[in-house]
Asks: 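Have a look at the structure that comes next, please.
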Amino acid sequence: MDEQQFDKRMALLKKSYDRIEPQLDPVDVVVQIEAEEVASTKEIVSLPQKNPNKWKNPTVWVASIASVLIVGVLATSYIIGPPTTVQTTEIEQSINYEEWLVDFTKKYEEKREEMRIELDMPEEEFNKLSTVQMASSSLNHLKSRKAEFLESQIINDDFTQSMEWSVMNYLMTPSEIFKMWEDSSVGKHLPFSDSFDYFKLYANTANEIASYYTSRLTDYSKILTTDSNHFPKELKHLISTANKQYIELQSDGQFRPNPLFGEHASSYKDNIHPDIVGYFKHLATGSLLVGGDLRLTASETAAILVMYEQTLLADSFTDSPEYMVLKGEYENTWLALLKGTESFSTHTLDGHITEEYKAFIMRVAEGEFGMVMQETAQTIVNELKTGKSLTLFQLTAYDVWMGVLKKRYNPETNTQYGATEVALDEYSIQLAQQIYNTYKQTGDMTVLNSLQPLNVVSLYIYALSQQDYKVAQQLVMDEVVGTEIPKFSDMLIFSDLSETKGATITIKATVKEEEQRIFGQSILFRIDTMTNDLGESQFRIAAIN
Amino acid sequence: MTEFELIEQAQQGDKEAYIELIRIHQRTVEKFAFQCGVHNCDLADVSQEVFVKLYRFLHQFKHDRFTTWLYKITLNATRDYYRKEQREQAKEELLSALQHIPSASAEKHVLNFEEDRLLHNAIQTLDEKYRYPLVLFYFHELKYEEIAEVLGISLSTVKVRILRAKEKLKEVLLEEGSVENG
């Protein structure tokens, strides 16, 4: 489906939306407002529900009829407006549009050529890049549908600027995408989902370019294993051009995008969300198995799997193609590592466990290579003491995935990553609900005692929204001081939680703008640690303001 | 009377002025709510909630862009609608059912063409972070800056999300077979 088809369908849908008949009777709004004003008491509890029998109230009838009459007068004055010079405007806009399109096409051609030269690609190859094709399709779309855009432009003078962006966004080199990512996150950590979008944007383009650069290596296959200082000038230029896009020539003779780990990594690498790193590592590494055997040593391979593990545990979009690929790689590589391969065998010829394998599985069991396979490795180690491990024999990719799932849904590992600000959206509410349900079902205090400060407040707010004061009380210290929070039934009255660490930890729950009249602008929670009878410390709310 | 004068009158408690304001903006609110996933039968209720909320803090309005403000409130009301009524699940079931019986929908009464209904439903399958910028860009013709303001995200994030939304939507449409590849 090209841009033209897509935009055409969206434009048609827009027209259909515009035909939808209004459904709300504005008088109903005023009736509800008046009913709430009357019902408003000294209580700080939320507003009453809409009264289905509102029309039985005679005062409502009088107010409504009066309102309708006045609206009729007002509406008439709106309808009988001064005539507009639509025709003149259209001609002017048409000329403006033509001029804009000529200017923009020139700008587009310049940028396209600039990108092609920067990537050092011949026109034929450059034109094959999907992002370049998308840009071209978008531009053609502008040319062929002038009338439609003209109509839009009359409504919105800045429409052309938006159109320029939508075309030019496709003409970004991988390094420019990284720069855009960096600019968008100045002074803050981008959430995982936004980081993933940038990753995908970068990876899509960089992968295609890296494939082209690899194709150019065929002429140099014999030289590649020699000292790079002796590479011919053309090859050095190719490598240097690739490096500017954070694409590196790797030891297996392939160019791969490697913006975080290589010699020429982006300076932005230290600010990238750590949960996205697994995707980048996979992008830079490619498959860890070749013909069923390990490409690297067992330790090197397992260390890379730790990075994949963090991403697999954190990414909530488990059905994305990127997630599925990483999951498959993770499962298959762990299976190969644990069951052994040709170069990394589990048993000697006389049937004994190899020393190399023993040492490796012990390190996995001790948690050196992540938490997902630790438990399985511990079982294998114990079983191998008897000479045979049934767990190892029966181990499948499904078991590896089950290990991931177990850790994904463990509330203890489900803490918000190093964030100082967390949006109270559907996801964080689900997380609070999950912790709440776990505690309610098990009554296990370790669920509450292992919570990080943000999760303590998030759960506290959730418990209040459920009117479960018993659970809420478990999260505050006995001597807690502060103001009473007005009753609310919806956690979504808050927009976000932000944590400030100083001598004490303070968490601010910001109230959404439209709810501030009832609940104030924000509620502050001071968090302290308290120690239980077993000498363990845990976070609790010490004050509320 | 200009919109600003109507707002001023409404701020002073003039209910008729407020009714007029509602009339000017109710189509925008209803369309946006519908495009965000509110079912046709609930549009009046959700829109009513929006305008009641708007009235509650109308006194805070100064010189901001009124429509941007309105979009924000509608967005929050739409989110609340999902959560309170637990509509997400019902929506998924509905969408799932629609894949097999595309015409058996309440939306049929709103969108007359099968192609429109398919596209509308495909948009509803997008994650909200992609759906909202896409809707505001294509159906409300908001500038990127305005979308950024409504959604509280950066300009570059808006651009990236619209790009990704388009990609995802095309994928959904291809999977459904409502368009041909190419």
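All chains are named by letter (A, B, ...) in the order of the sequence lines, taking the proteins before the strands, and each is independently numbered beginning at 1.
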Asks: Taking all non-hydrogen atoms of both residues into account, name the closest pair between K159(B) and N169(A) and its distance.
Replies: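 For K159(B) versus N169(A), the nearest heavy atoms are CB-ND2, 3.4 Å.
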Asks: Which pair of heavy atoms, one from P26(A) and one from I19(B), lies closest together, and at what distance?
Replies: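 Where P26(A) meets I19(B) most closely, the heavy atoms are CB-CG2, 3.9 Å.
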Asks: Salt-bridged, R9(A) to D116(B), with N to O below 4.0 Å?
Replies: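 No salt bridge links R9(A) with D116(B).
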Asks: Using the six-membered ring wherever Trp is involved, compare the ring planes of Y144(B) and W165(A) and label them parallel, tilted or perpendicular (cut-offs 30° and 60°).
Replies: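 Y144(B) and W165(A): parallel rings.
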Asks: Kindly compute the distance separating CG (L43(B)) from CG (L24(A)), expressed to the nearest 0.5 Å.
Replies: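 Answer rounded to 0.5 Å: 10.0 Å.
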Asks: Do D194(A) and T157(B) have side-chain N/O donor and acceptor atoms under 3.5 Å apart?
Replies: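 Short answer, no.
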Asks: Below 4.5 Å from any heavy atom of chain A, which atoms of L155(B) appear? Answer side chain, backbone, both or neither.
Replies: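 L155(B) touches chain A through side-chain heavy atoms alone.
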Asks: Please walk me through it: do Q32(A) and F51(B) pass side chain to side chain contact (heavy atoms under 4.5 Å, CB included)?
Replies: CA-CA 10 Å; Q32(A) 188 183 342; F51(B) 286 109; over 6 Å; no
Asks: For N76(B) and L492(A), what are the C-alpha separation, side-chain angles and deciding distance, and is it a side chain to side chain contact (heavy atoms under 4.5 Å, CB included)?
Replies: CA-CA 9 Å; N76(B) 286 332; L492(A) 281 174; over 6 Å; no
Asks: Heavy-atom pairs under 4.5 Å with chain A - which of L163(B), V29(B), I162(B) has more of them than the others?
Replies: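 Most heavy-atom pairs within the cutoff with chain A belong to L163(B).
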Asks: With a 4.5 angstrom heavy-atom cut-off, could you sort out which part of K129(B) is near chain A: side chain, backbone, both or neither?
Replies: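 When you check distances to chain A, only side chain atoms of K129(B) fall under 4.5 Å.
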Asks: Mind ranking Q26(B), E145(B), R164(B) by heavy-atom pairs under 4.5 Å with chain A and telling me who comes out on top?
Replies: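 Answer, by heavy-atom pair count under 4.5 Å with chain A: R164(B).
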Asks: Looking at D197(A), is its backbone amide N or carbonyl O close enough to the side chain of R161(B) to form a donor-acceptor pair, meaning the two atoms are under 3.5 Å apart?
Replies: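 Answer holds: no.
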Asks: Just wondering, do V29(A) and Y55(B) contact through their side chains at under 4.5 Å, heavy atoms?
Replies: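 The answer is no; the side chains never approach within 4.5 Å.
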Asks: Using every non-hydrogen atom in the two residues, find where I20(A) and R27(B) come nearest and quote the distance to one decimal.
Replies: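 In this case the closest contact between I20(A) and R27(B) is O-NH2, 3.1 Å.
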Asks: Given the rule in the side chain to side chain contact (heavy atoms under 4.5 Å, CB included) test, do S156(B) and W181(A) qualify, once you have shown the distances and angles that lead to the verdict?
Replies: CA-CA 8 Å; S156(B) 51; W181(A) 187 353; over 6 Å; no
Asks: Any side-chain donor-acceptor pair under 3.5 Å between E30(B) and Q23(A)?
Replies: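 No, no side-chain donor-acceptor contact under 3.5 Å.
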Asks: Any chance you could measure L134(B), atom CG, to M10(A), atom CE, to the nearest 0.5 Å?
Replies: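 Result: 4.0 Å between the selected atoms.
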Asks: With a 4.5 angstrom heavy-atom cut-off, which part of Y130(B) approaches chain A: side chain, backbone, both or neither?
Replies: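 Y130(B) touches chain A through side-chain heavy atoms alone.
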Asks: Between L119(B), V46(B), V50(B), who has the most heavy-atom pairs with chain A when the cutoff is under 4.5 Å?
Replies: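 Top count of heavy-atom pairs under 4.5 Å with chain A: L119(B).
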Asks: Write down the atom of K166(B), the atom of Y170(A), and the distance for their closest heavy-atom approach.
Replies: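 Taking K166(B) first and Y170(A) second, the nearest heavy atoms are NZ-OH, 3.7 Å.
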Asks: Please examine the side chains of K15(B) and I33(A), heavy atoms only from C-beta on, and report whether any two atoms are closer than 4.5 Å.
Replies: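 Yes, close enough: below the 4.5 Å cut-off.
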Asks: Hey, does the Lys NZ or Arg CZ of K14(A) hover above the aromatic six-ring of Y138(B), less than 6.0 Å from the centre and inside 45° of the axis?
Replies: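 That pair does not qualify as a cation-pi contact.
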Asks: Measuring heavy-atom distances to chain B, does D183(A) have an atom under 4.5 Å in its side chain, in its backbone, in both, or in neither?
Replies: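 Looking at D183(A), nothing touches chain B.
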Asks: Using heavy-atom distances under 4.5 Å, tell me whether Y18(B) contacts chain A through its side chain, its backbone, both, or neither.
Replies: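 When you check distances to chain A, only side chain atoms of Y18(B) fall under 4.5 Å.
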Asks: For V160(B) and M180(A), run side chain to side chain contact (heavy atoms under 4.5 Å, CB included): C-alpha distance rounded to whole Å, both residues' side-chain angles, the deciding distance at 0.1 Å, then the answer.
Replies: CA-CA 10 Å; V160(B) 171; M180(A) 183 177 166; 3.6 Å; yes
Asks: Sort L13(A) into side chain, backbone, both or neither according to what part of it lies under 4.5 angstrom from a heavy atom of chain B.
Replies: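 Both parts, backbone and side chain.
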